[in-house]
Amino acid sequence: MTAHIMVVDDEPDVSDLFRQQFRRDLRAGRFAIGFARSASEALEKISVLEESSLVMVCSDINMPGMTGLELLPKVKAIRPNVPVLMITAYSDDDTRRKALEGGAAGLMAKPVDFVALRLEIDKHLDERGLGV
Amino acid sequence: MSEMALAPSHTSPSEERERSARRRFPLTVKLAAALIGLVVLVLLVNGAINMWLSYGEAKSAALSVQQEKAQAAAQRVSEFIGEIENQIGWTTRLEWSRVTTEQQRYDFTRLLRQVPALTEVSYLDGKGKEQLKVSRLEPDAIASGRDFSSDPRFAKATADKIWFGPVYFRRGSEPYMTIAVAHAGHDSGVTVAEVNLKLIWDVITNIRVGQKGYAYVVDEKGRLIAHPDLSLVLRDTDFSQLSQVRQLLERPSFAVPGSPPTSNSTSSAELAEIATAYEGGSVLTAHAEIPRLNWHVFVQLPLAEALAPVYASMIQTLALVGFGLLLALVAGGYLARRLVVPIRRLQKGAERLGSGNLSERIAIHTGDEIETLADRFNQMAGRVQESYATLEAKVETRTKDLNEALQQQTATAEVLKVISRSTFDTQTVLQTLVQTASRLCAAEFALLFELHDGKYRLAAANNATAGFVRHAAENPIAPGRGSLIGRTALEKRIVEIPDCMADPEYTYSDYQRSGQYRSMLGVPLMREDVAIGVIGLLRTNISPFTEKQIELVSTFADQGAIAIENARLINETREALERQTATAEVLRVINSSPGDLTPVFETILQKAHSLCGVSVGSLQIYDGEKFRAVAVHGFTGPFAAQLKVGYRPGPNLPHRQLLEGARFAQVSDLAAIDDPIARNAVDLSGIRTLLCVALRKENALLGQITAARLEVRPFSQKEIALLESFGAQAVIAMENARLITETREALQQQTATAEVLKVISRSTFDLQTVLETLVASAAKLCEAEKAAIMQRDGPFYRWVAHYGFSNELVQYAVTHPFAANANSTTGRVALEGRPVQIADVLDDPNYTALEYQRLGKFRTILGVPLLREGAPIGVFILTRDKVRAFNERQIELLQTFADQAVIAIENVRLFEETQTRTKELATSIEELRAAQNRLIQSEKLASLGQLTAGIAHEIKNPLNFVNNFAALSRDLIEELKPLVLTSEPKEKEEIDELMHMLESNLEKVMQHGKRADSIVKNMLLHSRESSGEHRPVDVNALVEESLNLAYHGARAEKPGFNITLMKELDPELGDVDLYPQEFTRVLLNLISNGFYAANKRKSQNEGDGFEPTLTASTHNLGDKVEIRIRDNGTGIAEEVKARMFNPFFTTKPAGEGTGLGLSLSYDIIVKQHGGTIEVDTKPGEFTEFTIVLPRGSNPENREAST
């Protein structure tokens, strides 16, 4: 069973960025990254994936339509055990407080520190016993 | 009719009505009514007694029948119950309870068969449990064990041996009753039987009483048990509300259960015999008790049926009464007629007598009291006839008397008519009076004397000879006893002299001789106790005057008095009218020539003289010294001229008396007076008697009006009064003239004042013009040659406006201002704050401003103060070159001008003040506008901040991609390198080169991306509201930390970097409440700027021993702290200093600074912490930033307050 990481961002280049950054992991098949361009698309894709195969969700906050903060409780409702990491350009205290209150696993500021993100991913993979 | 005749005349209408009402019942009716009433009464009494007796009898008979029926019914019921009780009885024997149940059941079945009334029998054992039940209706129950121990059928039966239960209904129609009988022996049980009471019903229903009567049974609670109407019983009707049942139930003997029943006869006797039936209607009722069951049988019969015999007897009685009535009518009518006929005849006779037919007689021969009555009437009529005759003679005499009186009255009336017709012709009236008096009183002569100057003169006479009239006219009669007229006037009452020849006191024989009269009557004409005349009646023969004649004459005398009085009043009125006409004339003249008194005085004089009948006189005015004629009448030549010139009155002249206060003074002969004027008057104008009347106003003598005669004849009171009244007119005219003059003057002044005011109002702010107008006008209006206004200047009063003064004096005045003292008029006015006048400055020892006097040549001087809020602010003076005092009016006028001057000065002062204030306001408005501009500027900056924040965010996202992808690409190239190495060697060199170029390009992309990123980050910091928390922080520690951080940061950036750091930290600085993160950012910013500047200078002056130094110092300022960061760098140029806090302004080369450092620092210090940041610099030498922070516990609040 392949571990999945769901990345939600309205910027289409995000998918290239993530694929290139995690190219070795992807090549090695440690996990697969699914991309969603909107919160609603993300919900659709998440609902298809089994909970056990979804390692984590990384979501942008500022998106047209449903925002990341609105998406957060919906994901928690259908996949309560999947950690959700918020990634945003607006990493002020208020947004952080809202995200953590909504049950987010953490909040990362843009530009994304990929080293830190990778550590985070590794942590969750280990928790699932999928770490290598 | 006889009643009417006898009725007193004062009968009231109500009594009258009563009588006529009584008369409606004639005697016939009364008699008949008496007879009939008697007969009917006897018959009625008899009938009533009869009815009473038969009623009692019928009632008791019916009652006894009912009683018997009730008892019989009760007996039947009682027997019925007794029978049943008996039948049950044998099951209660001692041995019965010991037989087998089968036997018992058999016995019960038998019992039911024997006694049809029983429906059900049951046996309860000693404990009240049902052991056996045999019923016609239900299957038998053996040893059902139902517990009846507390049921009354067990409990009551055990206690009382036998118990009769209440009546109840089975299946809604059959009445039942429970009978329980205790078995013999102890606790041996009870037999209970349900009894159908239908039998009792049959008994009751069959009882018939009369035709409509019936019987019914009630139980001890009054409930109906049996009744012919079955539905009532089935509805369980309660009869206890019926009075007869209630009475029975309430009887105490009945209320005690188990008491021996009393006998039926005694119990029923106490109950109501007549009662109301349940269905309504009165009934006769009786009852009987059924013993043991406590039931009651009632029997009732409708009352109407029971009392039928009584009604029959009543009808019989009524028939008897009717017959008696008829009989009485016939008998009464006959008797009454017999009695009434003679009475009617008597009545008619009396009517005839009453109508005046007195000779008529009444003929009645009944031989009883009515006949006697008729005789009395006849006698009475005869007597009345006699008295008529004497009465007629008396009337005749009286008529004659009345005729006589009528004649006199006619005469009197005629006299009165004459009097009323000739109101203004007294003579005719008096003539008529004497004529009529003479005629009516049968006197040959009638005379009327009128009072004139104390004597009585003949005014009218009748029949008098010419000789007599002449004699009388020449000899007026004085009051006295010697003559009839004199005596009457003396005594003021009617005097009669029966014969003047025989009267010892009568002395007027000459009169008597010329008249030849003897008897005399004198009547006075009285007015307010004065005899204003006398009427005398004279007869030539001797005969007394009758009472009536005397009375008549006295009436005439009264009329005469009225006529004379009327004439007097008319004369007086006429005179008053003449005087008023003259006065009106004078007033007209006064009105038509206001101010010019000469025609007025002449008219007054002329009118006064013409009314008094005087031909010479004058009207003179007194000026306090001399008398001067302003109008003369009858005088000409030198004397008139002398009077018009004026003269001082000599001591002997009557003028003296006027001066001493007399209203008038009269000299009967001027010739007797030693005085030159008097002599001239006598010699030149022939004056002899002189009257002087004073003209006064409020005790002040204004002049006199004189009247003179050319002969010696004093003026009468009337004439003096007349002259006085004209004198008053003259005073009024003089007063008017004075007032008019004054008004004219006032008008002139007001016009002038108005002019001045106009000038003032036209030149409100040209004070000098106003003041000069004021001095010029005041001088003119107050008849002064010169005028000036002094205004206060500290302790002195200086000239500000003048009129008429020479230049020399004005020059002198500049150097010699007045002080507030007694030396000058101005000084005195200033001292006292009120008007001061010096009549002659040369005559005033205290006046020392003599140089002024010399230059101004004035004598009289008047000064009034210019007062503002009670304090003098200046003085207004007027001077006259000759000694002449200013009068009250002028002083007042000057004061008005002074007030105007004050207003003008005030106006100007206020105007100037207003101007100053306006300038101040304009300045502050300018300042406000500048402040507003600054505000707008800072608003602009704030909105720019927000804008940049928005832009920064937008830029940041693509920038992130740039940076991320650049870094990623570099990694990718690294990764690519080993792969490329494996390629062909000939291409290797080229590939290497290209790779290297790509690598360095990506390096550049990353470098510039980071730069852009840092700009954006700083921009975002600008817009951030707050970051982190504020808390008390040790500022010294923060400064040290920042220095270290900046130093190491700089060294990390530039390896060759070096600088001397100096610290002067105040140990007393303590904690400050601030945002440490933000504040550190400011310090880092300033310190690194300092490092940059110091190193820049070092690089510029390389090798001259310059040592870059940065000093950080802190100071405790109490509630504030001060932090200074000083470097010895390049300094800041003036033009840079002005812009250095602006965002994006930087002097560093491109790429070395964002231009946001100082701008951000400014925002943090000023806006976030409420502090100040200032810079002190000298280009090429040093730069020092000074931050002052308040210690305050809450920086947010400070922020809000800035």
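Sparse packing is recorded around NZ of K1010(B), with 12 or fewer heavy atoms of other residues, nucleotides or ligands lying under 6.0 Å away. Few gaps surround CD on E101(A); more than 12 heavy atoms of other groups in view lie less than 6.0 Å from it. Counted within 6.0 Å of NZ on K45(A), heavy atoms from surrounding residues, nucleotides or ligands total more than 12; the atom is thus considered enclosed.
Contacts with chain B (heavy atom to heavy atom, under 4.5 Å) involve no residue of residues 31-43 of chain A. Within residues 6-29 of chain A, the residues having any heavy atom under 4.5 Å from a heavy atom of chain B are, by residue number, E11(A), D13(A), V14(A), D16(A), L17(A), Q20(A), Q21(A), R23(A), R24(A), R27(A).
With values rounded to the nearest 0.5 angstrom, F114(A) atom CZ is found 5.0 Å from N964(B) atom CG.
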